[in-house]
Every structure is written in C-alpha cells, then in structure tokens.
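Worksheet: the structure to be examined is printed underneath.
Counting convention: from 1, in listed order, for ligands and their atoms alike. Start at 1 with the first residue, then count along the sequence. Because only heavy atoms are used, hydrogens play no part in the values below, and waters and symmetry mates are left out as well, while side chains stay in.
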Amino acid sequence: MWLSRVAARSFSVAAAAMQSARVYVTRKVPPDGLEVLRKSGRVQFELWDTDDPVPRAELLKKVRGVDGLLCVLTEKVDAELLDAAGPGLKVVSTMSVGYDHLSLEELKKRGIRVGYTPDVLTDAVAELTVALLLCTSRRLVEATHEAKTYWRLGHLEDAKRFTIHFPGLGICVAIAERLKPFKVKKFIYTDVAPRPELANMINAEYVSMDELAQQSDFLTICCALTPETQGICNKNLFSKMKETSIFINTSRGGVVNQDDLYEALATGQIAGAGLDVTTPEPLPTSHPLFTLKNCVILPHIASASYTTRNAMSVLAANNLLAGLRGEPMEKELKL
Ligand SMILES: O=CC(=O)O
C-alpha cells in the first residue's frame, strides 16, 4: 500500500512535470509521429518545419531550455548543443537507427536518456540495398541513358552467379533473405566474432576480413559507424577484392575511405560501387565519385518509404514521451 502510494506520487510528479514539457523537433517529421506528440496533450513542441536540416545556429537557439529533443541524424548532439540546451534537457530521441551523430559520453555524463528507432526500418533498408545491388551490377543508370542515346551497353552481371559477403550481420540477414530467390551460391560474413544465431538463419559462413575481400563478388556493408569501423573500407580492402566485384554501402559514409574507393573504381581494381551514404551528405556535385560511370550514388534514402518513416516517427515520439514521463522507452540506448 505504502509502496504503491509512493509510486503513484512519483508518477504524478513526473506527469505534472510533463504538463509543461517543452520539446524541439528538428525536422518536419512524418505526420503520424507529430500526431502522437499532439495527442499526448503533455508537450508543447516547436518544429523546424522543412525537409532541410535546421541550421546549427538556429538549432542552438531553439534548444535553449527544452526538456526534450526529437532529432534526426543530421543534428550533431554534442557538448556544445547540450550546453546550449541547459540542465533541463532530459531526453534526446533520434529518429534513426544509427547514433553516430550523438555524443553518448556527453549524454551519459549529464544523465540524459536516449531513444532511437531500430527494427522498424530493417525491411526498407534491406529492400533498398537489394535494389542498389541490382542497379549497380546490371548498370541500370547507364542503361537508361543508353536507351535514350546509342542503345548499346557493355557486359551486364547477374546476381545469382555470385557469392554475397557482409561485414557484420544484423540487417544483412534481411538483405540475404531477399537475395535468396536470386539463387545466390553462398553467403559469407565477417564480424568481431562469429554470430551463429543469425548466421544460421541464412546459412552464412564466418570468414576473416581478408577472406571476405578476396572471395567477394558482392560486398555489402551494413555495420554501424564507430571508432573501430571508421574507414575500414580502404585501399587495403579494395586491393584484395576481385576486379569483377561490386561494393555496396547502405550504412554510413564514414566506414569508407572515399579517396581509396575512387582510386579502386577509376583504375578498375573493382567493377562498381553503389552508395546510399557518403561523406559528407549531401556529397558535393563536383565530387570525383560523381564522374564515374561505375559508381551509383543515392541521397541516403534507404529508410525513406512513407510507411517506414511514419513508423520511425511514431517510435521516436513514443520514446520521447516515455522518457519525459520517466518510464521505460520502447527502444532506449543503454548508455
Ligand atoms: O541511416 C539511417 C538511420 O540511421 O536511421
């Protein structure tokens, strides 16, 4: 009885605090997520109401005194931003599965809770990865141009003859499941250690990074960007790949050394690359990678379907509200 009264009291304190919770939303996030915030009746939120990233100076101004921040991956949440927000900031909820834009150390130091949006985008990312893989290997971008000009194109590769290689499993399981019907001969992967629970789902074999590069026909990168994975796709990796190999990246641009990738593509060290992510984003149109016919570049759209982005916005909004209420979030990063 006593315990439940204490629990009820602490809940009502948290709820009362929420009455006045101020939140800044850094992007015009999809409508379902905004509806969750509106319907809660517990937050006053201000929104950067465009599809473009909020300018840094504006962001630093707008976060002053907020209790919660709902952001996307273009916002660097670092000491400067957290100082600008002040001690009232309790929750940062990012509408992304990746969190390399968040300074976790600073957040932890200040006791700020962090929500993110894994799982809900897995299908969309896997689908886009397969689309990019086929588009790059079958040279579809060049082909649409050819259709309008000479109606002539060199050799095309087909997916089923190949072995597909993944560093890091995770989302790659969803990609492999979609590739199975293409009669792929073999899936292999590397990671810091074997992950049999996932590998068994797609019958994938664990190999070293070197073997991965050497045997690779398609190499798709699905790992998170961390200090350990920064620049792992570099001259060393590309020099071990076959000339017929295709490199696909739908994770983060930072895992690739782009100068080395350019060199590998321009010299025929590898056959092609499909990139949904680059450094920086957007990649300047004057960037050398844009001059290459064998490089297909997309504007980071892997999760960009209406359904998926709506689901991400709902999860991000619910994470934010739960954090503000002092309740467990559906998807919270353990700091
Ligand atoms: O790249 C997309 C994400 O992290 O959600």
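- Counting heavy atoms closer than 4.0 Å to ligand 1, residue Arg252 contributes side-chain atoms (C-beta onward) but none from N, CA, C or O.
- Proximity to His300 (heavy-atom distance under 4.0 Å) selects the following atoms of ligand 1: 1 (O), 2 (C).
- Residues Val72 and Leu102 fall into different hydrophobic clusters, defined by Ile, Leu, Val, Met, Phe, Trp and Tyr side chains chained together at heavy-atom separations under 4.5 Å.
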Check against ring pair (Phe, Tyr, Trp, His ring centres under 6.0 Å), Phe247 and Phe218 | CA-CA 6 Å; Phe247 175 80; Phe218 283 101; over 10 Å; no
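- A donor-acceptor pair under 3.5 Å is formed between the side chain of Ser245 and the backbone N or O of Ser216.
- In this structure, the ring of Tyr189 has its center less than 6.0 angstrom from the ring center of Tyr206.
- Remark: ligand 1 atoms within the under-4.0 Å shell around heavy atoms of Leu121 are 5 (O).
- Under the 4.5 Å side-chain heavy-atom criterion for ILVMFWY residues, no single connected hydrophobic cluster contains both Leu140 and Ile297.
- Scanning all protein heavy atoms for the shortest distance to atom 5 (O) of ligand 1 gives Val97 N, 2.8 Å.
- Side-chain atoms of Thr190 come within 3.5 Å of backbone atoms of Val207 as a donor-acceptor pair (strictly under, hydrogens ignored).
- For the pair Met95 and ligand 1, the shortest N or O to N or O distance does not fall below 3.5 Å.
- The contact set between ligand 1 and Leu73, taken as ligand atoms under 4.0 Å from a residue heavy atom, comprises 1 (O), 2 (C), 3 (C), 4 (O).
- Remark: ligand 1 atoms within the under-4.0 Å shell around heavy atoms of Gly98 are 3 (C), 4 (O).
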